[in-house]
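What follows is a single structure, written as structure tokens, with notes after it.
This one's a predicted model, so the numbers in the text were calculated from it and none came from an experiment. Letters go in sequence order (proteins before strands), and every chain restarts at 1.
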Protein chains: 2
Amino acid sequence: MKTTGEILRENREKKRLLLRQVSAQLDIDTAILSKIERGERKATREQINKLADILEINKESLIVHYLSEKILCELKDEDFGIQALKVAEETIKYGATKNQ
Amino acid sequence: MKTTGEILRENREKKRLLLRQVSAQLDIDTAILSKIERGERKATREQINKLADILEINKESLIVHYLSEKILCELKDEDFGIQALKVAEETIKYGATKNQ
DNA sequence: TATTTACTTGACAGTATTTGTCAAATGTAA
DNA sequence: TTACATTTGACAAATACTGTCAAGTAAATA
């Protein structure tokens, strides 16, 4: 599966936009956006929203991509990651949010 | 479903241990353990390991509980949380780890 | 070849969040 | 009352996050 960064870069290039142009709209330095696209940094949740608008990417698909990448990163060294995901999924479905 | 904190407290009381005794083994103040049990703070990953040992709780079940709670907390305000979980699950199953 | 332009890299700074201590407050039982 | 367990909240230290900046690379072009 493509990384979020890859999707962002592909879509930016498809629109013929420069890092400079997009990062200006995000109000950050080009350096950060460059790193985000190459996977060296993570975008913030807010930046993802803006990027979907700027690059005209379907919001749901971008967000789902971003979130699942974040979750996978958190579980990458865990032996019981899949089990945890399943429990989390069941809990959401069941409706019991019960968060802090 | 029970919270991680509830499980920890139940098991500590089952073993007739005081906060003081357990927190000493964790090398933290009782205040923190108290907060962890009441869900006011999260345990660290390392503390969860130690707690499973100290309280003789099945490691897999405690870890799964802890991780899924963490994930749910992260997704609590997300509209597409379930979708993200499913994608994450598929990605893990598929074997493509591809993390940063 | 020298300039220009886009992007990349790494050192660094400011801020936010996490993780903890401590002391005082509360609750409870002897 | 005293003693002990737990809770609470103010605070401090450590860590992680988010960004800037300036110098570097690479490719196109005057």
Side-chain angles (χ1 to χ4, degrees), chain A residues 2-55 62-63 66-67 69-78 99-100, chain B residues 2-52 54-55 62-63 66-78 99-100:
Chain A
K2 273 174 203 160
T3 65
T4 305
E6 281 165 358
I7 293 173
L8 294 173
R9 175 148 294 187
E10 278 171 18
N11 281 274
R12 177 175 63 81
E13 289 176 343
K14 204 182 293 172
K15 297 203 74 176
R16 300 262 186 276
L17 293 170
L18 301 176
L19 281 180
R20 168 162 52 80
Q21 298 174 303
V22 177
S23 62
Q25 292 196 65
L26 293 177
D27 199 34
I28 56 171
D29 197 275
T30 59
I32 296 182
L33 186 53
S34 167
K35 286 168 186 170
I36 289 171
E37 287 184 348
R38 285 170 304 101
E40 198 187 310
R41 289 250 186 135
K42 278 175 209 152
T44 66
R45 187 62 182 72
E46 192 48 43
Q47 286 163 350
I48 288 295
N49 275 332
K50 289 185 185 168
L51 283 164
D53 289 339
I54 297 167
L55 303 178
L62 186 62
I63 291 172
Y66 170 77
L67 291 177
E69 204 166 74
K70 214 167 144 197
I71 293 166
L72 286 171
C73 183
E74 202 162 286
L75 297 181
K76 69 176 181 298
D77 296 324
E78 294 292 343
N99 301 56
Q100 316 178 204
Chain B
K2 273 175 204 160
T3 65
T4 306
E6 282 164 358
I7 294 173
L8 293 173
R9 174 147 295 186
E10 278 172 16
N11 281 274
R12 177 174 63 82
E13 290 176 341
K14 202 182 294 171
K15 297 203 73 175
R16 299 264 187 275
L17 292 171
L18 302 175
L19 281 179
R20 170 164 51 81
Q21 298 174 303
V22 177
S23 62
Q25 292 196 65
L26 292 176
D27 199 33
I28 56 172
D29 196 274
T30 61
I32 296 181
L33 186 53
S34 168
K35 286 169 186 169
I36 288 171
E37 287 186 347
R38 285 170 302 102
E40 198 188 307
R41 291 249 186 134
K42 278 176 211 150
T44 67
R45 187 63 182 73
E46 192 48 44
Q47 287 164 349
I48 289 294
N49 275 332
K50 287 185 184 167
L51 284 165
I54 297 167
L55 304 178
L62 186 63
I63 291 171
Y66 170 77
L67 291 176
S68 64
E69 206 167 74
K70 213 167 145 197
I71 293 165
L72 286 170
C73 183
E74 202 162 288
L75 297 180
K76 69 176 181 299
D77 297 322
E78 293 291 346
N99 302 58
Q100 316 181 203

Applying a 4.0 Å non-hydrogen cut-off, can you work out what B:Glu37 is touching in the nucleic acid: base, sugar-phosphate, or nothing? nothing

Measure CZ/A:Arg9 against P/C:dA6 and give the value in whole Å, please. 14 Å

Decide yes or no for B:Leu75 and A:Ile71: does some side-chain heavy atom of the first lie under 4.5 Å from some side-chain heavy atom of the second? yes

Just checking A:Thr44: base, sugar-phosphate only, or nothing, at a heavy-atom cut-off of under 4.0 Å? sugar-phosphate

Considering only heavy atoms, which members of residues 14-29 of chain A lie under 4.0 Å from some atom of DNA chain D? A:Ile28, A:Asp29

Set of side-chain hydrogen bond (donor to acceptor under 3.5 Å, both in side chains) partners for A:Lys15, sequence neighbours left out: A:Glu56

Once side-chain hydrogen bond (donor to acceptor under 3.5 Å, both in side chains) is applied, do any residues pair with A:Glu13, and if so which ones, sequence neighbours excluded? none

With sequence neighbours left out, the residues meeting side-chain hydrogen bond (donor to acceptor under 3.5 Å, both in side chains) with B:Ser68 are none

Can you list the residues that meet the salt bridge (charged side-chain N to carboxylate O under 4.0 Å, His left out) rule with A:Arg38, with sequence neighbours excluded? A:Glu40

Please identify each residue that fulfils side chain to side chain contact (heavy atoms under 4.5 Å, CB included) with B:Gln21, with sequence neighbours left out. B:Leu17, B:Leu18

On DNA chain D, which is the earliest and which the latest nucleotide, 5' to 3', with an atom closer than 4.0 Å to a heavy atom of chain B? D:dA5 to D:dG9

Do side-chain atoms of A:Glu69 reach the backbone of A:Thr4 as a donor and acceptor pair under 3.5 angstrom? yes

Partners meeting salt bridge (charged side-chain N to carboxylate O under 4.0 Å, His left out) with A:Asp29 (sequence neighbours left out): none

Using atom names, set out every protein N or O paired with an N or O of nucleotides 10-12 of chain C below 3.5 Å, distance rounded to 0.1 Å.
| from | atom 1 | to | atom 2 | distance (Å) |
| --- | --- | --- | --- | --- |
| C:dG10 | N7 | A:Lys35 | NZ | 3.1 |
| C:dG10 | O6 | A:Lys35 | NZ | 3.3 |

Qualifying residues under side chain to side chain contact (heavy atoms under 4.5 Å, CB included), relative to B:Lys50, sequence neighbours excluded: B:Leu26, B:Glu46, B:Ile54

By side-chain hydrogen bond (donor to acceptor under 3.5 Å, both in side chains) - contacts of A:Glu78 (at least two apart): B:Arg45

So, OP1 or OP2 of C:dT8: does either fall under 4.0 Å of a side-chain N or O from A:Ser34? yes

Could you state the CZ-P distance from B:Arg38 to C:dT26, rounded to the nearest angstrom? 15 Å

Just the rounded figure in Å: distance from P of C:dT8 to CD1 of A:Ile32. 14 Å

Could you tell me which residues satisfy side chain to side chain contact (heavy atoms under 4.5 Å, CB included) with B:Ile32, sequence neighbours excluded, listed by chain and number? B:Ile28, B:Ile36

